[in-house]
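Here's the structure, in structure tokens; my notes come after.
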2 protein chains.
Amino acid sequence: MVDNRLDTLFLALSDPTRRGMLADLKGGEKTVGELAAPHRMSLAGASKHLGVLTRAGLVEQRKAGRQRLCRLKGERLREASDWLLQWEDFWNGRLDALETALREMGDG
Amino acid sequence: MVDNRLDTLFLALSDPTRRGMLADLKGGEKTVGELAAPHRMSLAGASKHLGVLTRAGLVEQRKAGRQRLCRLKGERLREASDWLLQWEDFWNGRLDALETALREMGDG
DNA sequence: TCGATTATCAACCATAAGGTTTAATATCAT
DNA sequence: ATGATATTAAACCTTATGGTTGATAATCGA
């Protein structure tokens, strides 16, 4: 049951096919067929992946004749990135979890 | 079939209970029981979530008597963050997908 | 209009995820 | 030693995911 926005986002990003599609979209708009081509799977399968990306707000589609052009929407990627940056201090080694705790006790 | 490192990472982050646990670990080391308490679910369930976090490399456990102390490991969060920062230009509005394509054609 | 192309929908299948409960294991306290 | 505490393991259930194929819908080209 994926209800939270971040759930949907991170779940969408957890599949290599979908991350590949996002990477392909860096080059600009692409049709569903073009996005599907590099991935060894049926067109319908690829279309479902695009559906996941679209519902996660990562991709936007517009009709162009009988094809559908997909483009990247960066805003949601930013939400994910913002969430991750909460922990910048930890991976920078500037803080270790215990240090943080002590510091907060001291400051509070 | 979660084989890729990023798959495991993003999948681990796609659950609100697990993100909550990571947040709780910002305050320093916590036992499994302490991490489980805020989440309305059995201890075994919470333990499984911690297993997911551990296998994703986001959490490390050490034995302390009969309890297990968990602490946050930032490195993997950084991997996820690094991956996301690829798209910084897009969400900053500095580039739009089409622009990028045109620019690359011009530069190449 | 007819057939080919592009994409989605529907139904289905196998497997994984998230949850439960009931053991099992290890450690502490008495 | 015994019993309580802390955690994981096993078995199980339900629902979600990722994939398939075949049908449907919309649009292009001739």
Side-chain angles (χ1 to χ4, degrees), chain A residues 1-25 28-72, chain B residues 1-25 28-72:
Chain A
M1 201 188 322
V2 176
D3 44 2
N4 188 302
R5 202 184 222 58
L6 280 173
D7 293 9
T8 317
L9 241 178
F10 283 126
L11 187 63
L13 294 177
S14 74
D15 182 275
T17 301
R18 290 193 290 262
R19 289 196 307 277
M21 287 175 164
L22 291 178
D24 288 341
L25 284 172
E29 283 187 323
K30 284 211 167 49
T31 68
V32 174
E34 285 169 340
L35 287 167
H39 306 283
R40 252 194 306 90
M41 85 178 44
S42 67
L43 181 64
S47 173
K48 277 172 74 169
H49 279 298
L50 281 167
V52 172
L53 290 171
T54 301
R55 280 189 294 282
L58 292 166
V59 161
E60 217 172 35
Q61 297 190 339
R62 66 183 177 88
K63 287 193 60 173
R66 74 185 122 174
Q67 28 200 22
R68 245 159 256 208
L69 285 172
C70 305
R71 74 175 181 76
L72 189 54
Chain B
M1 202 187 323
V2 175
D3 45 1
N4 188 300
R5 201 186 223 57
L6 280 172
D7 292 9
T8 317
L9 241 178
F10 283 126
L11 188 62
L13 295 177
S14 74
D15 182 276
T17 301
R18 291 193 290 261
R19 289 196 307 276
M21 288 173 162
L22 292 178
D24 289 341
L25 285 172
E29 282 188 324
K30 286 212 164 56
T31 69
V32 174
E34 286 169 339
L35 286 167
H39 305 283
R40 257 201 294 93
M41 88 179 41
S42 68
L43 182 63
S47 174
K48 279 173 71 171
H49 279 299
L50 281 167
V52 172
L53 289 170
T54 302
R55 280 189 295 281
L58 292 166
V59 160
E60 218 171 33
Q61 295 189 341
R62 66 184 176 89
K63 287 193 63 174
R66 74 186 121 174
Q67 30 200 21
R68 244 158 258 210
L69 285 172
C70 306
R71 75 174 179 75
L72 190 53

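Just so we're on the same page: letters track the sequence lines, and every chain starts at 1.
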Rounded interatomic separation in angstrom, taking NE2 from His49(A) and C1' from dC9(C) = 16 Å

Looking only at heavy atoms, the pair that brings Pro38(A) and Asp24(A) closest together is CG-OD2, 3.9 Å

Euclidean distance, atom CZ of residue Arg62(B) to atom P of dA6(D) [Å, nearest integer] = 17 Å

For dG19(D), does either OP1 or OP2 sit under 4.0 Å from a side-chain N or O belonging to Ser42(A)?
-> no

Please list, chain by chain and in numerical order, all residues satisfying side chain to side chain contact (heavy atoms under 4.5 Å, CB included) with Leu69(B), sequence neighbours excluded.
-> Glu29(B), Thr31(B), Arg62(B), Ala64(B)

What nucleic acid atoms does Gly45(A) come within less than 4.0 Å of, heavy atoms only: base, sugar-phosphate, or nothing?
-> base

Residue pairs fulfilling salt bridge (Lys or Arg N to Asp or Glu O under 4.0 Å) with at least one residue in residues 31-49 of chain B, sequence neighbours excluded = none

Hey, does Leu6(B) have a side-chain heavy atom less than 4.5 Å from the side chain of Pro16(A)?
-> no

With sequence neighbours excluded, give me every salt bridge (Lys or Arg N to Asp or Glu O under 4.0 Å) pair touching residues 12-23 of chain A.
-> Arg19(A)-Asp7(B)

Could you state the atom-to-atom distance from CG of Leu11(A) to P of dG18(C) in whole Å?
-> 9 Å

Name all residues meeting the side chain to side chain contact (heavy atoms under 4.5 Å, CB included) criterion together with Thr54(B); count only those two or more places apart in sequence or in a different chain, and write none if there are none.
-> Val59(B), Gln61(B)

Going 5' to 3' along nucleotides 3-8 of chain C, which nucleotides have protein heavy atoms under 4.0 Å from the base (write B), which only from the sugar-phosphate (write S), and which from neither (write -)?
-> -BBSBB

Whole Å only: how far is the CG atom of Asp15(B) from the C1' atom of dT15(D)?
-> 14 Å

Within this structure, what is the CG-to-P distance between Asn4(A) and dG18(C), rounded to whole angstrom?
-> 14 Å

Can you tell me the distance, in whole Å, between the NZ atom of Lys30(B) and the P atom of dT7(D)?
-> 13 Å

Whichever of Arg40(A) and Ala64(A) has its nearest DNA chain D nucleotide further upstream toward 5' | Arg40(A)

Between dG18(C) (C1') and Leu13(B) (CG): distance, integer Å = 16 Å

